[in-house]
Each structure stands twice: as C-alpha cells, then as structure tokens.
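Data block below; observations after.
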There are 2 protein chains.
Amino acid sequence: MSGSGAAGRRERRDMQRNMERVLQAARELFAERGAAVTVSEVAERAGVGVGTIYRRFSSKEHLFTAVRQAACSDARLQLAAAAATTHDPVSRLGALIVALYRQSLHQAALLDSPRSGAGIPDDARHGLYPALHTLLSEAIAAGQQLGHLRPGDPAVLATLTLELLRPPAVQRISQATGDCDGAAEQVARFVLDGLRASDS
Amino acid sequence: MSGSGAAGRRERRDMQRNMERVLQAARELFAERGAAVTVSEVAERAGVGVGTIYRRFSSKEHLFTAVRQAACSDARLQLAAAAATTHDPVSRLGALIVALYRQSLHQAALLDSPRSGAGIPDDARHGLYPALHTLLSEAIAAGQQLGHLRPGDPAVLATLTLELLRPPAVQRISQATGDCDGAAEQVARFVLDGLRASDS
DNA sequence: CTGAAAACGGAACCCTGCCTCCGCTTCGGG
DNA sequence: CCCGAAGCGGAGGCAGGGTTCCGTTTTCAG
C-alpha cells in the first residue's frame, strides 16, 4: 500500500476531486438560492453528471443537509471565537450579534431553514440558542445594567434576538440602509438598548 | 332589466356564489400553508372544479396575489384603527406593535412573501412601512424620551421593527413562550425599550 | 316552458425536477 | 503496457402539479 491507506482500498483521486467540486458548487448555489436550486444545476456548475452526485448522496435532501450542517458548525466556531474576545457579558453579547449579523447576510439561503419537515426546529438556530441563552443569563446574573429583567426572561429574549438576526431579516435591513457594517452595529445597539433599558 | 344592472349582462348567481366559496377556501388554505397549496386543493375545499377557478383567475399566481392583497388592505385598516386610539406617539407605537404581532400570528403564511419574483418588495410590508415610519418620526419629533435617536434613524428602526414582527418570527416566539398575548406585550416592551433607551 | 348563452367540472396534457440505469471512460497495480 | 475494477455521465422513467379543453349542466330572458 502507498499513501494514507486505512482499510480495504484507497479512494480514487478523481472521485475525491469531484466530490470537492460538488461540495463547493453546492455551497455556493445553496447559499445563494437555498433549496430551490436543482440537482442538475449543482452538477453542471461542478462540471460533473448528476449520477456522480447521487453516488455519494442518496438524495437531494441529503446533499443539502450535509452542506448546511457543515456551514453551521463552521459558523458556530466563528461565533464562539467572536464572543470570546472579552469577559464583559454585555460586550460579548454585542460581539456575538455583530458576528451573527454578518454571517446571516452572507449565507442567507443556506442558514435559513427551508422547512425541512413540519415542526422540526432547524439546526442552525438550535445550535446558536444555548450560547445566546447562556450569555443573556450571565449578563443578568452579573446584574449589569439589565434592570428589569427577570430570571425567566432569557428564553424569550434569546428567541427574539435570534429572530431579528435571521437571514431574511438581515438582508432586508442591509438592503434598506445600504451600509452593511453600519447596519450591523446599529442593530446590535438596538438590541442591547432593548435589553439594557432600566425602567419599563 | 331587473336588479342592479350596469352594462350588458348581469353576472350569473351561481358564479358569484362559487367565486365567494373559492376566495374563502383560498384565504383559509393560503393563510395556513402559503403558496404551497395546490390549485386542486383550493378547488376541492371550495367544492368546485379547477376550471371554475381558472375561468376567473388566469393563473395560480393571480389567485394568490388577489387573496393576499385583499388580506393586506384589510390588515392595514385594522392596524390604522388600533393605532388611532390615542395621541401619545409612543403609546400608538405600542398599540401598533401588538396589533401587528397578532395579525402576523394568525395569517402567517399569507402575509409572508413567497418571494414573488426576485427583488420585488412584498406589498404587505410595503404598505406598513410608511405608517411605522411616520409614527417613529413623530415620536422623535415629540422628543419623547427617545434620547439618542437622530433624524436619519427612523428608516433603519422601522425596517428593523417590521422584521421582528414578520410571521415566521412571531410564530417562533409564540411557540417558544407558549403564551400568545403575553409574548405580544413582551415584544412590544422590548422594542419600545430599544427605542427609548436614553444613553447608548 | 324553451332555447341559447354562460358556467361547470374534471380528465388529459405538458412541463419540470428527482432519481435510476447501463454502456463508456479512467485509474492504478502488476 | 494491460486488465479489472471503480467511477462517470446523461438519457430516460416517474411523479406531481399547473393549465387547457370540451361535453354536460345551469341559469334566465322571452
């Protein structure tokens, strides 16, 4: 055997290359237009036939899911990094919001759930929720200017904040203002102000 | 001639009745599941054949648009009424938010735009935007506790608030809290707090 | 009541998009 | 270089849903 042989047989080079192309194409197309892209389109952009895709992914759904999950965990890592730059809970919250805003803007259709079933909660949000919830709880625990919040509130606020940062919303906001980064910070300020208000 | 004759011939009774049924069925189904419903489904629920629908609406798209526009102007009227109950800008804003929240919750799929083209802004939001913008501007002009807002901000804030009140967002929020009316008011408070915060 | 114009309904048609299948090509060890 | 195995690709099967068409039924003026 030669190379990184593991068990049985090594994967053929061309196949490996093709799969990379497929994933690349799928990432781009799905990010842009979501689940509406056809399998043939992905195949065409990747420069392969549809059969090549189906040999690896048993259905379009599988391909989509795979691509989205990869994008999600990637995103989650970046967010974690962004939020870890300081110890002050409120600052961390702000950093998280700005980072999330940017991601939503760039991966719009991919991160947004295409109702993958009926009541199935989409993993993108599912993964983010705990982090946000924790951050909010910490902020409240720290008593940091978050006057009128009660222990039960984080759940609502987390949901609310996440909604505000979903791709469709973010796209519209950026479109309306024309200025991406400025918008991101304005949104963050809005949310933080909402959380911070001391008298209702 | 007998009855409300206008020009040429009067519309046949059965047709009128059928059209009412079709619109009723379409309203219900679209409100529930959006553009995903099939024309046959609408026909079946209305108790007519598909041909009957196509005689009046040249395409599914037309039917959908008609139903949605009707729902929108209806909604707009209700909102206007809700906001007119007081003179205090901030209170009006609050009332508008709560009313909008409820509407979004109940007409979810219908009020939410099914990307009717490419960059076409959906009429639902289009119709609401001016009202909200005006309200915000008034509030700022009145100098009412809205400390750090500048004249240019209403545009951003209006967009942002509308996003937060779109059907998908509202549905999730209500689902997360389990309590509809309570959630509506919590959201209103959040937004108002966000707007009202006096020091950034 | 009667006839013709209008409306009905749903079977059939077509187009689009997912997925399968099989003959051809490419890889890579001997 | 040669051969078997693995992978390739895209034509075609199949299903679902929008739209059309035409024989039948309903309405209503005379």
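Only this structure's heavy atoms are used, side chains among them; waters, hydrogens and symmetry mates stay out. Bear in mind that the values here come from a model prediction, so they are computed numbers and not experimental data.
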Specify the separation, in whole Å, of atom [atom1] of [X] and atom [atom2] of [N].
| X | N | atom1 | atom2 | value |
| --- | --- | --- | --- | --- |
| B:Asp14 | C:dC8 | CG | P | 5 Å |
| A:Gln16 | D:dC8 | CD | P | 12 Å |
| A:Arg12 | C:dT25 | CZ | P | 14 Å |
| A:His62 | C:dT20 | NE2 | P | 12 Å |
| B:Glu41 | D:dG18 | CD | C1' | 13 Å |
| A:Glu11 | C:dT26 | CD | P | 19 Å |

Listed nucleotide nearest any side-chain atom of B:Val48, set C:dG17, C:dG9, D:dT27: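 The nucleotide sitting nearest to the side chain is C:dG9.
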
May I ask you to say what B:Ser59 touches in the nucleic acid, namely base, sugar-phosphate or nothing, with a heavy-atom cut-off under 4.0 Å?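 Here B:Ser59 touches the backbone only, sparing every base.
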
With [X] via side-chain contact (heavy atoms from CB on, under 4.5 Å) - residues at least two apart:
| X | answer |
| --- | --- |
| A:Ser73 | A:Arg76 |
| B:Ala82 | B:Ala99 |
| B:Ala25 | B:Val42, B:Arg45, B:Ala46 |

Taking only N and O in the side chain of A:Asn18, is any of them less than 4.0 Å away from OP1 or OP2 of D:dG7?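 Answer no for this pair, as no side-chain N or O of A:Asn18 is under 4.0 Å from OP1 or OP2.
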
Of the residues in residues 50-57 of chain B, which ones touch DNA chain D at a heavy-atom distance under 4.0 Å?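 Within residues 50-57 of chain B, the residues near DNA chain D are B:Val50, B:Tyr54.
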
Scan for ring-ring contact (aromatic ring centres under 6.0 Å, His included) pairs involving residues 13-49 of chain B, sequence neighbours excluded, and state none if there are none.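 As it turns out, the ring-ring contact (aromatic ring centres under 6.0 Å, His included) pairs with a partner in residues 13-49 of chain B, which skip direct neighbours, are B:Phe30-B:Phe64.
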
So do [Y] and [X] actually touch side chain to side chain, heavy atoms under 4.5 Å?
| X | Y | result |
| --- | --- | --- |
| A:Arg33 | A:Glu41 | yes |
| B:Cys72 | B:Arg68 | yes |
| A:Tyr54 | A:Val39 | yes |
| B:Gln24 | B:Arg21 | no |

Please produce a list of atom pairs where a protein N or O lies less than 3.5 Å from an N or O of nucleotides 1-3 of chain D.
none

Nearest 0.5 angstrom please: A:Met15 CE to A:Arg55 CZ, how far?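 If we round to the nearest 0.5 Å, A:Met15:CE and A:Arg55:CZ are 7.5 Å apart.
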
